[in-house]
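One structure below.
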Amino acid sequence: MSSPDLTDAERQAVMEVLNTPNLAMGPKIDAFEEAIAHFSGAKHAIAVNSGTSGLHLCVHAAGIKQNDLVVTTPFSFIASTNVILFEKGIPVFVDVDPLTGNIDPLKAAAAVRDVQAGGARAKAWLPRKGAEHAGPLKAMLAVDVFGQPADYDELRKVTDGAGIKLIEDSCESLGSEYKGKKAGLFGETAVFAFYPNKQITTGEGGIVVTNDDEADHYIRALRSQGRAPGDTWLQHTFMGYNYRMDEMSAALGLAQMGRIEELINKRQKVAEWYEERLSEINGVEVPVVVKETTRMSWFVYVVRFDAAINRDQLAEKLKERGIPVRPYFIPIHLQPYMMEQFGYRRGDFPVTEDLGDRGLSLPFSGVMTEDQVEIVCETLRDCIAHKG
């Protein structure tokens with residue numbers, strides 16, 4: 001599906017760390033954090049061992065506790081909901097925009113208004129099960145789906161008007177821009193992730209960015225077993241976690257950040273090759289980049305098929321012919337444990353379900369060649385034309 005874009009510079013950077021006795025909590029972490037902060041325009045960056053860890057720390061720092069409500073999206077990677085459940089909060093799902101797959105600002109505004117009003121109006125947005133003791137609405141967790149930023153001007157109107165926190169899941173959008181402003185700058189906190197299929201990779205890893213000094217101090221303490229500034233190794237002001245990034249991962253990420261513009265531009269070129277070819281195939285919808293997205297930093301390349309095309313059968317035929325593909329995403333509310341815990345069922349979020357039913361992620365990375373893209377597209381064209 002994807003391959004990391006690595007050179008000898010990255011390999012040498014990791015080897016340099018391995019040739020020292022300092023494998024954790026060293027200078028590479030500091031340098032990597034500084035590089036991300038400089039690139040994103042954020043005041044602070046706190047490196048962690050995964051994007052999920054980063055999101056969990058943001059939810060914790062937002063004060064989410066048992067039965068507190070968080071407005072979020074069911075069209076995302078599962079981690080954006082799990083981090084709410086880690087704190088025993090209750091996700092309040094809102095359906096998404098059919099073009100971008102991002103949370104619908106109008107529906108989000110209605111959900112926030114009705115939930116804060118309480119009573120029957122609130123109940124219409126809450127899950128069928130598990131919300132009998134629902135607490136106050138504390139935050140909104142928005143997701144930049146596939147690398148495209150959510151509509152943050154509209155979402156900030158909602159969160160600011162309601163007096164709740166905005167957490168930005170930018171795990172898929174490092175380098176993207178919304179109305180000329182880089183992703184990661186719109187919420188009180190935001191998170192980028194660096195799994196091998198992301199714009200840059202640290203193997204496993206993530207980073208929290210924020211302009212809030214208090215959030216920075218707290219999250220920095222939480223990631224390292226709750227040690228606040230001034231604590232010794234065996235003192236712990238807070239209950240924290242071992243969410244630190246190691247020095248080898250930070251060295252790899254730092255080397256990748258030295259190539260960040262190259263890496264983003266290479267992915268852009270692959271996306272352009274795909275769009276040129278797929279736009280000519282009947283029944284295939286290529287991704288739409290809306291005007292508010294002034295720079296798209298591509299994470300994956302997800303196409304959608306007309307309802308007349310059986311997506312799952314097509315996916316199997318593509319795999320049989322050597323083209324790895326994957327449905328993207330399976331709606332969160334239809335994951336088995338979510339249905340059991342909260343009583344969700346098909347039909348609850350029709351736009352999310354439609355995108356989940358028709359979407360297919362194609363092979364995508366910055367190291368793909370134009371010939372490889374051509375092979376994928378011609379195979380797809382042939383499978384559609386001959387029904388596999």
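FYI, the numbering just counts along the sequence from 1.
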Does [atom1] belonging to [X] count more than 12 external heavy atoms closer than 6.0 Å?
X	atom1	result
Asn282	CG	no
Lys129	NZ	yes
Glu214	CD	no
Glu34	CD	no

Which atom pair, heavy atoms only, marks the closest approach of [X] to [Y]?
X	Y	value
Glu247	Ile29	OE2-N, 2.9 Å
Leu141	Ser80	CD1-O, 3.7 Å
Val143	Asn102	O-OD1, 2.9 Å
Leu166	Ala142	CD1-CB, 4.3 Å
Glu172	Val145	OE1-C, 3.6 Å
Val270	Ser365	CG2-O, 3.4 Å

Margin query: Please evaluate residues Asn197 and Ser2 with respect to the criterion side chain to side chain donor-acceptor pair (under 3.5 Å), reporting the C-alpha separation (whole Å), side-chain torsions for both, the decisive distance (0.1 Å), and the verdict.
Written below: CA-CA 6 Å; Asn197 62 349; Ser2 181; 5.6 Å; no
If the threshold is 4.0 Å, N to carboxylate O, is there a salt bridge linking [X] and [Y]?
X	Y	answer
Glu261	Arg295	yes
Asp216	Lys43	no
Arg277	Glu370	yes
Lys181	Glu292	no
Asp357	Arg346	yes

So does [Y] get a backbone contact from the side chain of [X], meaning a donor-acceptor N/O pair under 3.5 Å?
X	Y	value
Ser176	Gly147	yes
Thr201	Phe194	yes
Arg304	Glu285	no
His236	Gly226	no
Asp246	Ser249	yes
Gln148	Val290	yes
Asp231	Thr237	yes
Glu204	Ser50	no

Margin query: Quick one, Leu380 with Leu278, criterion side chain to side chain contact (heavy atoms under 4.5 Å, CB included). Give me CA distance, side-chain angles, the key distance, then yes/no.
Written below: CA-CA 9 Å; Leu380 178 61; Leu278 294 174; 3.6 Å; yes
Next item on the list: Please list, chain by chain and in numerical order, all residues satisfying side-chain contact (heavy atoms from CB on, under 4.5 Å) with Ala221, sequence neighbours excluded.
Entry: Phe238
Next item on the list: Check side-chain contact (heavy atoms from CB on, under 4.5 Å) between Lys157 and all other residues, then give those that pass, not counting sequence neighbours.
Entry: Glu154
Next item on the list: Name the orientation class of the two ring planes belonging to Tyr274 and Tyr301 (parallel below 30°, tilted from 30 to 60°, perpendicular beyond 60°).
Entry: parallel
Next item on the list: Each residue besides Val17 in its hydrophobic cluster should be listed here, by chain and number; the cluster joins Ile, Leu, Val, Met, Phe, Trp and Tyr at side-chain heavy-atom distances under 4.5 Å.
Entry: Leu6, Val14, Met15, Leu18, Leu23, Met248, Leu252
Note to self: If hydrophobic residues (ILVMFWY) are linked whenever their side-chain heavy atoms come closer than 4.5 Å, directly or via other members, who joins Tyr195 in its cluster?
What the structure shows: none
Please list every donor-acceptor pair under 3.5 Å in which a side-chain atom of residues 324-341 meets a protein atom from a residue at least two apart or in another chain.
{"unit_1": "His333", "atom_1": "NE2", "unit_2": "Glu353", "atom_2": "OE2", "d": "2.8"}
{"unit_1": "Tyr337", "atom_1": "OH", "unit_2": "Asn82", "atom_2": "OD1", "d": "2.4"}

Next item on the list: Could you walk me through whether Asp144 and Ser170 pass the side chain to side chain donor-acceptor pair (under 3.5 Å) test, one step at a time?
Entry: CA-CA 5 Å; Asp144 301 342; Ser170 295; 2.8 Å; yes
Checklist line | All pairs passing salt bridge (charged side-chain N to carboxylate O under 4.0 Å, His left out) where residues 71-99 contributes a residue, at least two apart | finding: none
Note to self: Taking the ring of Phe299 and the ring of Phe77, is the distance between their centroids below 6.0 Å?
What the structure shows: no
Notebook entry, point to check: Has Lys182 got its NZ or CZ under 6.0 Å from the middle of the six-membered ring of Phe39, at an angle within 45 degrees of the ring axis?
Noted result: yes
Next item on the list: Give a yes or no on whether Tyr243 and Val83 share a hydrophobic cluster (residues Ile, Leu, Val, Met, Phe, Trp, Tyr; joining criterion: side-chain heavy atoms under 4.5 Å apart).
Entry: yes
